[in-house]
Visitor: 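I have a structure I would like to understand better, so I am pasting it below and will then ask my questions one at a time.
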Amino acid sequence: MAFNLQASIEIAGVDAVMIVFDAKVDKQINQQVHLLREAIIQAQPVWLSDVVAAYHTLMVVYDIQRTTFEHVQHWLKAQLIELRQRQVTPKVAGIHEYFVCYEPEFALDIERVCHYTGLSAEEVSQRHSAETYHVYTIGFAPGFAYLGDVPNALQVARLDTPRTKVPAGSVAIANQQTAIYPRTSPGGWNIIGRVAGWTDRSGLKLQAGDQVRFTSVSKQRFLEIEANSQSNHIEERHDD
């Protein structure tokens, strides 16, 4: 897939512009966003303050003491043209695999998901773990990666009333996306399992553009991985 999408460049404040691609959640569009982000960071213009990527937009923050909106707009247009002419393709993404227990003890919303999808609990776990997911963006909380795309048959709306406390490592789905809660926090997605051996550092390894795979494990295997993870974590703290 080469860089071939059109984009508009809009004012996003006194010191920022927004590059806007087609307004939808789409893997190809998101890859184009990150290609442009990488090109901007690699070029390192002296006026650049920050680059923030989302699903189909890229916000560029600049130093108003060093440049103007007109200059930034012209420079970004040139970058877009160059990317198209060079036929740049996405770099090889990082691949992360997580072991997930989908049993009811950890799948707090499995009954709701089964009710709305017509699938059995086993079918939910099978369909969810059969996919390779794309990391669209990181947001909501540090390490919270928005992953897609969930199969159509497994798509369920968010909870009507969010939970005040979702356990860290919980695997959840909402509409066409899935995610792992990086820390214990409030949340309104449907919980369908939990990652074995999850720590506060685990989510920080994920970067936009990476790929994520889930492997279903039994509760016994989940507990074994948890025990090993706790042991390794204690050793790491002693080493620190």
Side-chain angles (χ1 to χ4, degrees), residues 1-5 7 18-42 50-60 83 88-100 102 124-125 127-152 154-156 158 166-185 187-217:
M1 182 205 71
F3 193 100
N4 56 13
L5 297 180
M18 189 77 76
I19 301 97
V20 182
F21 294 82
D22 288 346
K24 60 182 178 180
V25 178
D26 179 88
K27 180 180 177 180
Q28 181 178 352
I29 292 173
N30 189 251
Q31 287 178 323
Q32 311 274 324
V33 169
H34 292 291
L35 279 173
L36 179 57
R37 177 180 179 275
E38 291 167 11
I40 293 171
I41 292 174
Q42 186 173 10
D50 199 7
V51 187
V52 182
Y55 292 99
H56 61 89
T57 62
L58 186 70
M59 184 169 71
V60 177
L83 284 172
V88 178
T89 56
K91 64 180 181 181
V92 177
I95 299 176
H96 308 266
E97 183 177 8
Y98 298 104
F99 297 100
V100 180
Y102 292 94
V124 170
S125 65
R127 296 198 181 210
H128 184 264
S129 60
E131 302 294 320
T132 297
Y133 297 98
H134 173 75
V135 180
Y136 278 94
T137 187
I138 308 293
F140 169 62
F144 190 98
Y146 290 85
L147 314 174
D149 294 323
V150 170
N152 291 335
L154 196 54
Q155 293 183 15
V156 181
R158 292 167 55 96
V166 176
S170 292
V171 177
I173 56 175
N175 299 311
Q176 69 188 84
Q177 297 205 274
T178 186
I180 307 168
Y181 280 85
R183 291 180 174 81
T184 300
S185 66
W189 291 28
N190 302 274
I191 312 287
I192 61 170
R194 193 175 304 170
V195 173
W198 186 266
T199 69
D200 288 346
R201 299 180 183 179
S202 299
L204 301 179
K205 298 177 182 178
L206 294 171
Q207 301 293 323
D210 285 353
Q211 293 184 326
V212 172
R213 296 171 182 163
F214 297 110
T215 298
S216 178
V217 296

Visitor: Work out which heavy atom in Val135 is nearest to a heavy atom in Ala145; give both atom names and the distance.
Guide: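 That closest heavy-atom pairing would be CG1-CB, 3.9 Å.
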Visitor: Kindly say whether Phe21 contributes a backbone atom to a donor-acceptor pair with the side chain of Thr57 at under 3.5 angstrom?
Guide: no
Visitor: Looking at Tyr133 versus His96, is the centre-to-centre ring distance below 6.0 Å?
Guide: no
Visitor: What are the two closest heavy atoms between Leu206 and Ile138, and how far apart are they?
Guide: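 Taking Leu206 first and Ile138 second, the nearest heavy atoms are O-CD1, 3.9 Å.
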Visitor: Without swapping roles, check the side chain of Thr178 against the backbone of Ala172 for a donor-acceptor pair under 3.5 Å.
Guide: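 Such a contact is found between Thr178 side chain and Ala172 backbone.
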Visitor: Indicate the atoms forming the closest heavy-atom contact of Asp50 with Val52, along with that distance.
Guide: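 Nearest heavy atoms, Asp50 then Val52: OD2-CG2, 3.7 Å.
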Visitor: Quick one: list whatever passes side chain to side chain donor-acceptor pair (under 3.5 Å) with Tyr146, sequence neighbours left out.
Guide: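 For Tyr146, no residue satisfies side chain to side chain donor-acceptor pair (under 3.5 Å) once neighbours in sequence are set aside.
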Visitor: If you look at every heavy atom in Tyr181 and Gly188, which pair is closest and at what distance?
Guide: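 Closest approach of Tyr181 to Gly188: OH-N, 3.4 Å.
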Visitor: Asn175 side chain to Gln177 main-chain N or O, any donor-acceptor pair under 3.5 Å?
Guide: no
Visitor: Verify the neighbour count for atom CZ of Arg127: are there more than 12 heavy atoms of other residues, nucleotides or ligands below 6.0 Å?
Guide: no
Visitor: How close do Ser202 and Gly197 get, heavy atom to heavy atom, and via which atoms?
Guide: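 Scanning both residues, the minimum pair turns out to be OG-O, 4.3 Å.
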Visitor: Can you measure from CZ (Arg183) to CG (Asp200) and round to the nearest 0.5 angstrom?
Guide: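 Interatomic distance, Arg183 CZ to Asp200 CG, rounded to 0.5 Å: 4.5 Å.
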Visitor: Tell me if a side-chain donor or acceptor on His34 pairs with a main-chain N or O of Tyr136 at a distance below 3.5 Å.
Guide: yes
Visitor: Could you walk me through whether Tyr102 and His128 pass the side chain to side chain contact (heavy atoms under 4.5 Å, CB included) check?
Guide: CA-CA 10 Å; Tyr102 292 94; His128 184 264; 2.8 Å; yes
Visitor: Side chain to side chain contact (heavy atoms under 4.5 Å, CB included) for Val51 and Leu36? Distances and angles first, verdict last.
Guide: CA-CA 10 Å; Val51 187; Leu36 179 57; over 6 Å; no
Visitor: Are more than 12 heavy atoms, taken from residues, nucleotides or ligands other than Glu97, located less than 6.0 Å from that residue's CD atom?
Guide: yes
Visitor: State which residue, out of Ile192, Ile191, Leu147, fulfils the side-chain contact (heavy atoms from CB on, under 4.5 Å) condition with Val171.
Guide: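 Exactly one pass, corresponding to Ile192.
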Visitor: As a quick check of understanding, evaluate side chain to side chain contact (heavy atoms under 4.5 Å, CB included) for Glu131 and Arg213, giving each step before the final call.
Guide: CA-CA 7 Å; Glu131 302 294 320; Arg213 296 171 182 163; over 6 Å; no
Visitor: Does some side-chain heavy atom of Pro151 sit less than 4.5 Å from a side-chain heavy atom of Gln176?
Guide: no
Visitor: Show, in sequence, the C-alpha distance, side-chain angles and deciding distance for His56 and Asn30, and conclude whether the side chain to side chain donor-acceptor pair (under 3.5 Å) test is met.
Guide: CA-CA 6 Å; His56 61 89; Asn30 189 251; over 6 Å; no
Visitor: Could you tell me how the ring of Tyr98 sits relative to the ring of Phe214: parallel (under 30°), tilted (30 to 60°) or perpendicular (over 60°)?
Guide: tilted
Visitor: Taking the side chain from Trp198 and the backbone from Pro182, do they hold a donor-acceptor pair closer than 3.5 Å?
Guide: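 Yes: the side chain of Trp198 pairs with the backbone of Pro182.
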Visitor: Would you say the side-chain atoms of Asp210 pair up with the backbone N or O of Gly94, donor to acceptor, closer than 3.5 Å?
Guide: yes
Visitor: For Val33 and Tyr55, which heavy atoms make the closest approach, and how far apart are they?
Guide: CG2-O, 3.9 Å
Visitor: Could you walk me through whether Val60 and Ile19 pass the side chain to side chain contact (heavy atoms under 4.5 Å, CB included) check?
Guide: CA-CA 8 Å; Val60 177; Ile19 301 97; 3.6 Å; yes
Visitor: Would the distance check show the side chain of Gln155 and the main-chain N or O of Val150 forming a donor-acceptor pair, the cut-off being under 3.5 Å?
Guide: yes
Visitor: Quick one: are Ile40 and Leu58 in side-chain contact, heavy atoms under 4.5 Å?
Guide: yes
